[in-house]
Amino acid sequence: VFLTFRFLNKGASLSFLPISLMAVTGVSYLLYHFAGDLITISLLVRRALFIPALLTFDYYAFFEKNDFVYWSNSIFSFFMPYAYDESVTTMISRIRGGEGGANNHFLATGYMQAGAFGLLVYAAIIIVILNIFDSFQKKGLPIWFMVAVGIVPMHTLFTSTDLPVAVMTHGLGICIVSLIF
């Protein structure tokens with residue numbers, strides 16, 4: 001967040017974000033290729049690019065054969081019974097042969113909630129959220145401030161959490177409210 005603030009406050013373009021990611025990937029590869037360092041490339045590249053794609057496939061494969069959740073694990077838990085004995089993240093992790101929780105982004109969790117309908121609902125809500133950010137920028141709020149405030153909750157939404165959880169407990173709702181004020 002601090003680096004984003006510093007670069008964008010100085011008038012830099014948002015293009016530094018993907019360029020920085022490419023640089024990190026390149027340095028990780030060079031460390032692996034020349035020094036045999038597997039940890040850096042594993043943590044930075046495998047975890048950021050390959051694991052989310054693999055988990056997305058696992059979510060789709062699981063919910064093609066099993067019941068959707070229909071938000072009974074969160075906002076509708078008072079009205080609908082949850083269909084499973086344990087959390088979805090734990091089940092997906094077990095399918096992969098691991099322990100813990102296999103969190104994933106809004107595309108996987110949207111499908112988990114209600115299939116293609118869940119994906120459409122989540123896409124519509126995210127379009128609204130991005131339009132809210134856009135409207136703040138059009139009203140003159142500096143882009144460096146919006147990115148500095150919104151990068152962490154948006155990153156969480158796009159990499160590791162369900163949409164209602166991102167809004168209610170991972171800071172996206174607070175981010176939007178703070179931008180209003």
Side-chain angles (χ1 to χ4, degrees), residues 1 4 17-18 20-29 31-33 35-130 150-176:
V1 171
T4 303
L17 288 170
S20 298
L21 293 173
M22 286 188 301
V24 165
T25 302
V27 168
S28 298
Y29 174 74
L31 285 171
Y32 167 70
H33 188 69
D37 179 17
L38 261 173
I39 292 176
T40 305
I41 200 163
S42 178
L43 287 175
L44 299 177
V45 177
R46 183 184 64 88
R47 182 65 184 114
L49 301 175
F50 295 108
I51 297 297
L54 180 63
L55 290 177
T56 300
F57 175 79
D58 290 341
Y59 271 71
Y60 292 159
F62 180 82
F63 286 103
E64 275 183 341
K65 298 175 185 155
N66 297 291
D67 293 334
F68 295 123
V69 176
Y70 296 111
W71 297 277
S72 64
N73 64 336
S74 62
I75 55 180
F76 291 146
S77 62
F78 294 110
F79 308 110
M80 297 177 65
Y82 183 62
Y84 301 102
D85 294 332
E86 56 190 353
S87 72
V88 171
T89 59
T90 302
M91 289 187 295
I92 300 297
S93 182
R94 277 206 194 131
I95 289 169
R96 300 271 348 126
E99 294 181 13
N103 294 333
N104 211 351
H105 52 75
F106 74 96
L107 293 172
T109 58
Y111 189 79
M112 166 191 81
Q113 299 294 358
F117 176 74
L119 287 172
L120 291 173
V121 168
Y122 277 22
I125 292 170
I126 289 171
I127 287 169
V128 169
I129 290 170
L130 292 174
I151 195 165
V152 172
M154 291 302 286
H155 175 267
T156 303
L157 173 67
F158 283 101
T159 60
S160 64
T161 195
D162 196 10
L163 179 61
V165 175
V167 171
M168 292 186 272
T169 64
H170 286 267
L172 188 55
I174 295 293
C175 172
I176 292 170

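Keep in mind the model is a prediction, meaning the values are calculated, not measured.
Taking Asn103 as the reference, nothing meets the side-chain hydrogen bond (donor to acceptor under 3.5 Å, both in side chains) condition, with sequence neighbours excluded. Qualifying ring pair (Phe, Tyr, Trp, His ring centres under 6.0 Å) partners for Tyr84, counting only residues two or more places apart in sequence or in other chains: Phe62, Tyr82. With sequence neighbours excluded, the residues that form a ring pair (Phe, Tyr, Trp, His ring centres under 6.0 Å) with Tyr60 are Tyr111. Applying the side-chain hydrogen bond (donor to acceptor under 3.5 Å, both in side chains) rule to Ser93 yields no partners; only residues at least two apart in sequence or on another chain are considered. For Arg46, the side-chain hydrogen bond (donor to acceptor under 3.5 Å, both in side chains) partners are Ser42, not counting sequence neighbours. With sequence neighbours left out, Arg47 forms a salt bridge (charged side-chain N to carboxylate O under 4.0 Å, His left out) with no residue at all. With sequence neighbours left out, the ring pair (Phe, Tyr, Trp, His ring centres under 6.0 Å) criterion links Tyr29 to His33. In terms of the side-chain hydrogen bond (donor to acceptor under 3.5 Å, both in side chains) criterion, residue partners of Thr56 (sequence neighbours excluded) are, by chain and number, Asn104, His105. In terms of the ring pair (Phe, Tyr, Trp, His ring centres under 6.0 Å) criterion, Tyr59 has no residue partners (sequence neighbours excluded).
Sequence neighbours left out, the pairs with a member in residues 151-174 that pass ring-ring contact (aromatic ring centres under 6.0 Å, His included) are Phe106-Phe158. The salt bridge (charged side-chain N to carboxylate O under 4.0 Å, His left out) analysis of residues 107-119, with sequence neighbours excluded, yields no pairs.
We find the OG1-CG distance between Thr109 and Leu157 to be 8.0 Å, quoted to the nearest 0.5 Å. A distance of 13.0 Å separates CG of Leu107 from CG of Leu55, quoted to the nearest 0.5 Å. With values rounded to the nearest 0.5 angstrom, Asn66 atom CG is found 7.5 Å from Met91 atom CE. The OG1 atom of Thr159 sits 11.5 Å away from the CG atom of Leu49 when rounded to the nearest 0.5 Å.
Annotation: side chain of Leu163 is not in contact with side chain of Gln113 (no heavy-atom distance under 4.5 Å). Using a 4.5 Å heavy-atom cutoff, the side chains of Leu21 and Val24 are not in contact. Looking at Ile176 and Ile129, their side chains come closer than 4.5 Å, going by heavy atoms from C-beta outward. Counting heavy atoms from C-beta on, the side chains of Glu99 and Arg94 never come closer than 4.5 Å.
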Could you walk me through whether Leu31 and Ile41 pass the side-chain contact (heavy atoms from CB on, under 4.5 Å) check? CA-CA 8 Å; Leu31 285 171; Ile41 200 163; over 6 Å; no
task: Mind running side-chain contact (heavy atoms from CB on, under 4.5 Å) on Val69 and Met80 for me, showing each step along the way?
output: CA-CA 9 Å; Val69 176; Met80 297 177 65; over 6 Å; no
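What you find for Ser72 and Ala83 is that their closest heavy atoms are OG-N, 4.4 Å. Pairing each heavy atom of Gly150 with each of Cys175, the nearest pair is CA-SG, 3.6 Å.
Within 6.0 Å of CD1 in Ile95 there are more than 12 heavy atoms belonging to other residues, nucleotides or ligands.
Between the side chain of Thr40 and the backbone N or O of Asp37, no donor-acceptor pair lies under 3.5 Å. Under the 3.5 Å distance criterion, the side-chain polar atoms of Ser87 are matched with a main-chain donor or acceptor of Thr90.
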Give every donor-acceptor pair under 3.5 Å between a side-chain atom in residues 114-123 and any protein atom, sequence neighbours left out.
residue : atom : partner : partner atom : Å
Tyr122  : OH   : Trp71   : NE1          : 2.9
Tyr122  : OH   : Asp162  : OD1          : 2.6
Tyr122  : OH   : Asp162  : OD2          : 3.4

